Amino acid sequence: MKLLLAATMMLMLSAIAMAVPDSQQLGPYAVSFDLNANYQAQVAQPIEMETANAYQMGLFVDNSTYASVSITEYVDLTDSTLMVFKSMLPMSMMLQGLNVTNVEDMTIDGKEGFLVTSEPMEAIAGAPSKVYRAMYWMDSQDCDCGPVSVGKTSVVITSTYPLDVTQGLLSSLQIVQGQASTAAASVQGGQILPPA
């Protein structure tokens, strides 16, 4: 009976440990997520400009399988109307040689956002077969100035992981100002990279 109780406790503890989301510090933001994959986290140096600051992290398996989370924090209020970005982001991807196959609305981090599905226009050996890009604004709000929204902080997530892993990342993503949990952040480690 004691052996059965001990085994049950070990299973419960391991399930709790596996359910703890990963956490990384990205500039002034704590980013937590549940990525059901082995990866190496790499955090780039912040890019500071007169109009905005940018923070980026990559979650790499190898050169063709990765996800990135990019946070851009603007100094002034900026047009954050999602319909505008739903047109601009796919066009930008097409200019990068990607054929956009789908754009769908989705909730990310409790906010309105969208997910773009694309595939390379040319098959290249070793390149990903699908590229997903999602976007949302952390602080978008309707503007009295017309039928637009304004905000200061946008988030773009790019992934070449399979769709189920990508959706898991997007559905579990949470970004808040503050410090990441040091225990969770140290589990995956992180390498500081120079700005691109």
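This is a predicted model, so every value here is computed, not measured.
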Practice problem: Answer yes or no: are there more than 12 heavy-atom neighbours, outside M121 itself, under 6.0 Å from its atom CE? | Solution: yes

Quiz item: For atom CE of M91, is the number of surrounding heavy atoms from other residues, nucleotides or ligands below 6.0 Å larger than 12?
Solution: no

Quiz item: In Å, rounded to the nearest 0.5 Å, how long is the span from CD1 of I175 to CD1 of I71?
Solution: 4.0 Å

Self-check item: Between Y74 and N53: side-chain donor-acceptor atoms closer than 3.5 Å
Solution: no

Quiz item: Could you give the distance from CZ (R133) to CG (L115), rounded to the nearest 0.5 Å?
Solution: 11.0 Å

Quiz item: Does any pair with a residue in residues 93-114 pass salt bridge (Lys or Arg N to Asp or Glu O under 4.0 Å), and if so which ones, sequence neighbours excluded?
Solution: K86-D105

Quiz item: More than 12 foreign heavy atoms under 6.0 Å from CE of M106: is that the case here?
Solution: yes

Self-check item: Partners meeting side-chain hydrogen bond (donor to acceptor under 3.5 Å, both in side chains) with N36 (sequence neighbours left out)
Solution: none

Practice problem: Only pairs at least two apart or in different chains count here, so list each salt bridge (Lys or Arg N to Asp or Glu O under 4.0 Å) that has a residue in residues 51-79. | Solution: none

Quiz item: Which salt bridge (Lys or Arg N to Asp or Glu O under 4.0 Å) pairs, counting each pair once, include a residue from residues 154-171, with sequence neighbours left out?
Solution: none

Exercise. Return each pair, listed once, that meets ring pair (Phe, Tyr, Trp, His ring centres under 6.0 Å) where at least one residue sits in residues 77-115; pairs must be two or more places apart or across chains.
Key: F85-W137

Quiz prompt | Contacts of type side-chain hydrogen bond (donor to acceptor under 3.5 Å, both in side chains), residue S140, not counting sequence neighbours | solution = S80

